[in-house]
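Everything below concerns the one structure shown next.
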Amino acid sequence: VWPDPNVVELPSQPNPSSGMPGCTTSGARYGDGQLEIVAVTPPWYYDNQTFAAFGEFNFPVLDNVNLQANFRHEEWNGGDLTGDIYTVAGKWDITDNLWVRSDYGTNYRADAALELRPGAVTNETVTQNRFGTGTQKSQSTTVSPGITPEDDRTFNFGVGWESDLGDGRIRANVNFFEILIDGQVTTTSATTILNNVFGANDSDCQQDRSDEGECGIGNTATGLPGLPAGSNNSPLQLVNCNARLIDFVVLNTPCVQGVTNSNALTEIKRFQVNGPGFITNGIDYTVELAYPLFDGTFNASVTATQNLVYKSKGYFVNDVLFEASGNRLGYANGVLRSGNDSRRWRANGQVSWANDVHNIILRANYSSGTSADFAEFRAIRNPIIANNPATPTVNETQFSTYGLAPKEYLDFDVSYIYTAPFWEELELRATVLNIFDKDPNPSQQRSGYYPGTGNPRGRIIEVGVTKKF
């Protein structure tokens, strides 16, 4: 049985010879090759158990009306985390061609919470340049004892039509959806903590810690002398001993207002909690047509999603705002604000023709553009031209505009499948993805593009052969 209970201690890591990989702050080989990390790693054991119960009921009220209900209860890790979800749904076939359907239910996303153990603490050393270039500080992250899976609620209402169209068949439906997410698992920001305790890392704020316009709402302090101009990125930034988040830092001396500065900071304490919420709604559209053509069948389909609302509900800790509420629709998000890439429109269109031997498919992929959220906060990007007081030009500072403006994306794929009539189960395939070699949407991030839209590899040609025996 592993782990062996007789093994109570493992030897420390050996010191390698010169030139072997070391472990330094720069991550490179160094000196005599000795490792900085030589801690004992004892045997460990991890056990994860899940219990679930599920029930479903169908109620055929009338021949053309059907109701459905289901309920599910789940427990993880011996009941440390629990979740209950239910769904009620109904469908009414108004005629042989027209139907209406709706459902309402609860859900949750537990994956983030399941990876966490309430009360667990992770420690690390981080660089905080706001206290001087290269300044190292300890940082701990504690999982909140009361953490739970996020709470989701969903609602759908749709109308559909299906009928013959000459010798063919047509189907169409329109569906309104709304999703409410509450208590998303998040980690409190170290920047918010430090701004609350030490003031914003801005020269004007450090000169006057009572200035709400410079220091930010909730980050002002009284009884603190102003520091000289240019005191951002300074180890002399003073601690506000009365800050609401003072308990989120550890000092090596008792805090004295106007005396204790960042040199006394030994640890920043972050917490993983149930934080922000989101609401989104929109409309899904689907149209499908099938029609006999020559000795095969012609098919055409369009699916589209129109997002109408995507908003975030912020959250507070100790009456300090960690995440502001606001609109997220049409923004890339994720840089300075929570949320996912949110486009007002996404759509796919496809036409194809197929018979027993040939299958030709042409597909179009479309998405509307997004605005970069950091476009409203240019301070997080270094200017490509900085204002020079020695020149007569007033405010000549310029920032890169790369990837800031919304840009629509449209590409096309084509594929062909040949099913050999002379050898059973033999298929030859050829595909061209991104026919016109479209570039992905640009973005000011490390990759230089939005990974969820487009293909950075450009046009791709694939060929394949499949034979089943």
Side-chain angles (χ1 to χ4, degrees), residues 10 12-13 15 21-28 30-31 34-42 44 112 115-147 185-202 205-206 209 215-216 218-219 221 224 227 231-275 315-318 320-323 380:
L10 297 179
S12 299
Q13 296 174 342
N15 292 335
C23 182
T24 71
T25 55
S26 60
Y30 76 103
Q34 293 188 344
L35 292 175
E36 287 185 341
I37 303 174
V38 292
V40 172
T41 305
W44 60 277
E115 296 172 358
L116 306 174
R117 181 168 56 86
V121 181
T122 303
N123 296 287
E124 60 183 330
T125 299
V126 297
T127 300
Q128 287 291 348
N129 290 320
R130 66 169 290 159
F131 301 129
T133 302
T135 300
Q136 301 282 301
K137 297 293 183 181
S138 295
Q139 179 173 278
S140 65
T141 304
T142 303
V143 180
S144 172
I147 200 166
V185 174
T186 189
T187 302
T188 54
S189 165
T191 300
T192 302
I193 295 170
L194 296 177
N195 284 346
N196 184 258
V197 176
F198 294 93
N201 187 34
D202 175 85
C205 173
Q206 294 301 320
R209 292 284 294 277
C215 296
N219 294 334
L224 295 180
L227 298 181
S231 293
N232 55 308
N233 300 331
S234 167
L236 301 179
Q237 293 180 6
L238 294 167
V239 177
N240 177 14
C241 302
N242 301 314
R244 293 185 181 276
L245 299 182
I246 189 64
D247 291 334
F248 284 57
V249 298
V250 177
L251 307 173
N252 58 16
T253 60
C255 190
V256 178
Q257 192 79 343
V259 176
T260 306
N261 59 33
S262 64
N263 287 318
L265 176 64
T266 61
E267 181 184 332
I268 306 161
K269 299 167 68 176
R270 304 191 307 168
F271 292 85
Q272 290 182 293
V273 298
N274 292 108
Y315 77 101
F316 292 77
V317 177
N318 282 17
V320 174
L321 180 66
F322 273 81
E323 175 67 43
I380 73 166

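Note that this is a predicted model, so its numbers are computed, not measured. Note: hydrogens, waters and symmetry copies are ignored here, and every other heavy atom, side chains too, is used.
- Using bins of under 30°, 30° to 60° and over 60° for the plane-to-plane angle, the ring pair Y315/F322 lands in the parallel bin.
- Residues passing the salt bridge (charged side-chain N to carboxylate O under 4.0 Å, His left out) test with R130, sequence neighbours excluded: none.
- Test V250, V249, N252 against E267 for side-chain contact (heavy atoms from CB on, under 4.5 Å) and you get one pass: V250.
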With side chain to side chain contact (heavy atoms under 4.5 Å, CB included) as the test, would you mind laying out the steps for V317 and F271 before giving the verdict?
CA-CA 10 Å; V317 177; F271 292 85; over 6 Å; no
For I268 and Q128, what are the C-alpha separation, side-chain angles and deciding distance, and is it a side chain to side chain contact (heavy atoms under 4.5 Å, CB included)?
CA-CA 10 Å; I268 306 161; Q128 287 291 348; 3.9 Å; yes
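- T125 and Q139 are not linked by any side-chain donor-acceptor pair at a separation below 3.5 angstrom, with hydrogens and angles left out of the test.
- Here CD1 of I147 is found 11.0 Å from OG1 of T142. Values are rounded to the nearest 0.5 Å.
- Taking all atoms of both residues into account, the shortest heavy-atom contact from P235 to S262 is O-OG, 2.6 Å.
- In terms of heavy-atom proximity, V121 sits nearest to S140 at CG1-CB, 4.1 Å.
- Here the shortest heavy-atom pairing between A200 and C215 reads CB-O, 3.9 Å.
- Residue pairs that meet the salt bridge (Lys or Arg N to Asp or Glu O under 4.0 Å) test with at least one member in residues 238-255, sequence neighbours left out, are R244-D319.
- Of the residues N261, N232, N201, the one that meets the side-chain hydrogen bond (donor to acceptor under 3.5 Å, both in side chains) test with Q237 is N201.
- For the atom pair CD (Q272) and OG1 (T188), the distance works out to 8.5 Å, reported to the nearest 0.5 Å.
- The OG1 atom of T260 sits 8.5 Å away from the CG atom of L238 when rounded to the nearest 0.5 Å.
- N196 contributes atom CG, which lies 8.5 Å from atom CD1 of I246 (distance to the nearest 0.5 angstrom).
- In this structure, V273 and T186 have side chains that are in contact, with non-hydrogen atoms separated by less than 4.5 Å.
- To the nearest 0.5 Å, atoms OG1 (T192) and CZ (R270) are separated by 11.0 Å.
- The two residues N129 and G134 make their nearest non-hydrogen contact at OD1-N, 2.7 Å.
- Distance check: C255 SG to N240 CG gives 7.5 Å after rounding to the nearest 0.5 Å.
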Let me see the working for F198 and V239 under side chain to side chain contact (heavy atoms under 4.5 Å, CB included), right down to the final yes or no.
CA-CA 5 Å; F198 294 93; V239 177; 3.3 Å; yes
